[in-house]
There are 2 protein chains.
Amino acid sequence: MIGKVVLIGAGNVATYMGNVLQSNGVHIEFVYSQSLESAKRLGVQLGTAYSENLKDLPAEADLYMIAVSDDAIKELVSRLDVGGLVAHTSGTLDIDVISNFPEAGVFYPLQSFSRINPLQNKEFPICVEATRSDNLHSLKELAAKLVGVGSVYELNTIQRKAVHLAAVFASNYSNHMYQIAEELLKREDLNFDILRPLIVETAEKVKRMNPKEAQTGPAKRGDVKVMQEHMRELEPDPDYKALYTLISNSIIKRK
Amino acid sequence: MIGKVVLIGAGNVATYMGNVLQSNGVHIEFVYSQSLESAKRLGVQLGTAYSENLKDLPAEADLYMIAVSDDAIKELVSRLDVGGLVAHTSGTLDIDVISNFPEAGVFYPLQSFSRINPLQNKEFPICVEATRSDNLHSLKELAAKLVGVGSVYELNTIQRKAVHLAAVFASNYSNHMYQIAEELLKREDLNFDILRPLIVETAEKVKRMNPKEAQTGPAKRGDVKVMQEHMRELEPDPDYKALYTLISNSIIKRK
């Protein structure tokens, strides 16, 4: 059982994880961040020791959870000298990047965290992987404590990468579609508020049906006149016109 | 006050409108559809007279609501011979397409309706327009009865078209992003379920903040390594790779 955790990183993921682990009775032993300011912010928030120096890390913990950016991780693990289970929280990195530790794992939460905005939905998946089966068991148990056993996924690195790429389309790109919509409204002095009910309904629809069934709109109907009219409206912005063409064609192709 | 309505059309919009009008005390006088089967289905559902013949339409009603496809409307209005207020429900058609009627209006509900799936959210905007101010008042009053006064928007045709185009991005295109995500998961034998919590959270985020602030992901962070890795994963599907490139660049450009 994982009872003592050292957090390596103090960004969005580490902040969420620190708080949710603590509220589930897991002891946060220490917070490290390369920025003292960040380490202090999260350390004080959790009432735990903190430092910007890797040498200050406690030598004994059940889990060293690395929640830093993908770019920063390689350099960090080369300087990390600890025993026990070390797990990263990345959606795209191989478990191999921490293979210098005999006990290595992955604990990838599939959610969009931001420090300033509390999550509306506490249910989300956690994807786990480990080099040793006892550690896999411990990570699954810990994940189940946080999100419920039905939301724990045991995935290998290839599967996890596919999930991460799919999440980019489903979350980052759909959000960018909202942003384009906001700009198109602004041109006619209209507020984004008018779209909020439609956006939520569109997302909630795919709770009950698959996205292909849920698809509506001119491209799905093959309504050429409306699409031509839209292209004319998009003349002032070639980028959006190019996106309109490519996405409409992709919908038409997959009708 | 609009107390008696004739529905022209029996598709998704007409079905929703018929039911919600009736449950708000408005009398549905008649249902027309060019397909007798559809006219009957909705007529029976609402307990009202129906026909597939335009000549059967009652000559006296407070509102003739045209809810047929954009393509079908011109031919239909050329054969329609009624007095009183005639309004269409299209997001893209000019009010002028029904200018052969002295009393013309638009009653455009900004929502994604489907006959088989009940709406989760009863709050959505209705955009109204009319050639006469007394009719504009009546349409606003009717819309307020259905969705509340705060969700009634008085828009001219240019504004309404901008809203429709924005809705294509915010709803149809975000849904297509979900569909691509589903396909990417299938390749690794993963179920779409894993993404549902993230999708809903992404949509709910923009209730509280604007989409630009809410944007996350590799393109927003400028994480070139992750994007290159994603491009490699998308090699088997040039369409998705092209979309990935275009959307990522659009995000980077607007950071």
Side-chain angles (χ1 to χ4, degrees), chain A residues 70 92 110-112 120-121 123-125 153 158-159 162-163 165-182 184-185 187-188 190 192 194-204 206-207 210-212 214-217 226 229-230 233 239 242-243 246-247 250-251, chain B residues 70 92 110-112 120-121 123-125 153 158-159 162-163 165-182 184-185 187-188 190 192 194-204 206-207 210-212 214-217 226 229-230 233 239 242-243 246-247 250-251:
Chain A
D70 286 8
T92 49
L110 181 56
Q111 188 51 287
S112 172
Q120 295 306 293
N121 307 289
E123 286 166 45
F124 57 87
Y153 290 77
I158 290 170
Q159 289 175 313
V163 167
L165 178 57
V168 165
F169 278 92
S171 173
N172 303 153
Y173 287 0
S174 61
N175 186 76
H176 189 58
M177 299 301 127
Y178 307 155
Q179 190 182 334
I180 293 172
E182 186 183 26
L184 295 171
L185 291 175
R187 293 179 189 172
E188 299 301 330
L190 294 164
F192 184 66
I194 198 170
L195 285 179
R196 294 183 207 261
L198 178 63
I199 284 172
V200 171
E201 182 72 19
T202 303
E204 293 206 338
V206 298
K207 278 189 192 170
N210 70 44
K212 195 170 181 177
Q215 191 68 55
T216 59
V226 171
E229 162 92 32
H230 283 163
E233 286 179 61
D239 280 14
L243 272 174
L246 207 56
I247 301 177
S250 179
I251 293 172
Chain B
D70 286 9
T92 49
L110 180 56
Q111 188 52 285
S112 172
Q120 295 306 292
N121 308 288
E123 286 167 44
F124 57 86
Y153 290 76
I158 290 170
Q159 289 175 313
V163 167
L165 177 57
V168 166
F169 278 92
S171 173
N172 302 153
Y173 288 1
S174 60
N175 186 76
H176 189 57
M177 299 300 127
Y178 308 155
Q179 191 183 335
I180 293 172
E182 185 182 28
L184 294 171
L185 291 175
R187 293 180 188 171
E188 298 300 332
L190 294 163
F192 184 66
I194 198 171
L195 284 179
R196 294 183 207 261
L198 178 63
I199 285 172
V200 171
E201 182 72 19
T202 302
E204 293 207 337
V206 297
K207 278 189 192 169
N210 70 44
K212 195 170 181 175
Q215 191 68 53
T216 60
V226 170
E229 161 92 32
H230 283 163
E233 285 179 62
D239 279 15
L243 271 175
L246 208 56
I247 302 177
S250 180
I251 294 173

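Convention: sequence-line order gives letters A, B, ...; per-chain numbering from 1. Keep in mind it's a predicted model, so treat the numbers as computed, not measured.
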* Apply the test side chain to side chain contact (heavy atoms under 4.5 Å, CB included) to residues A:S250 and B:L243: give CA-CA distance (whole Å), side-chain angles for both, the deciding distance (0.1 Å), then the verdict. => CA-CA 9 Å; A:S250 179; B:L243 271 175; 4.0 Å; yes
Atom group of [X] that falls short of 4.5 Å from chain A, counting heavy atoms:
{"X": "B:E229", "result": "side chain"}
{"X": "B:Y153", "result": "side chain"}
{"X": "B:L165", "result": "both"}
{"X": "B:I194", "result": "both"}
{"X": "B:E182", "result": "side chain"}
{"X": "B:V226", "result": "side chain"}

* Excluding sequence neighbours, so at least two apart, what forms ring pair (Phe, Tyr, Trp, His ring centres under 6.0 Å) with B:H176? -> none
* Return the set of residues passing ring pair (Phe, Tyr, Trp, His ring centres under 6.0 Å) with A:F169 (not counting sequence neighbours), or none when no residue passes. => A:Y173
* Asked: Do the side-chain N and O atoms of B:T202 and A:S171 include a donor-acceptor pair separated by under 3.5 angstrom?
  -> yes
* If you count heavy-atom pairs under 4.5 Å with chain B, which of A:D70, A:I180, A:T92 comes out on top? -> A:I180
* For the candidates A:A162, A:A167, A:A203, which exhibits the highest count of non-hydrogen atom pairs separated by less than 4.5 Å from chain B? ->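 Answer, by heavy-atom pair count under 4.5 Å with chain B: A:A203.
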I need the [X] [atom1] to [Y] [atom2] distance, nearest 0.5 Å.
{"X": "A:N172", "Y": "B:I251", "atom1": "CG", "atom2": "CD1", "value": "6.0 Å"}
{"X": "A:Q179", "Y": "B:N210", "atom1": "CD", "atom2": "CG", "value": "8.0 Å"}
{"X": "B:S112", "Y": "A:Q215", "atom1": "OG", "atom2": "CD", "value": "9.0 Å"}

* Asked: What's the shortest heavy-atom distance between B:A166 and A:L195, and which atoms?
  -> CB-CD1, 4.0 Å
* **Nearest non-hydrogen partners of A:P211 and B:N175, listed with the distance** => O-ND2, 2.9 Å
* Taking the side chain as every heavy atom from C-beta outward, state whether A:V200 and B:V200 have any pair of such atoms under 4.5 Å apart. => no
* Asked: Does A:I247 reach the side chain of B:M177, with side-chain heavy atoms less than 4.5 Å apart?
  -> yes
* To do: Give, as side chain, backbone, both or neither, the part of A:L190 having an atom under 4.5 angstrom from any heavy atom of chain B.
  => side chain
* Please look at A:Y178 and chain B and tell me whether the side chain, the backbone, both or neither of the residue comes under 4.5 angstrom of a heavy atom of that chain. =>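 Both parts, backbone and side chain.
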* Under the side chain to side chain contact (heavy atoms under 4.5 Å, CB included) criterion, do B:Q159 and A:R187 qualify, and how do the steps go? -> CA-CA 9 Å; B:Q159 289 175 313; A:R187 293 179 189 172; over 6 Å; no
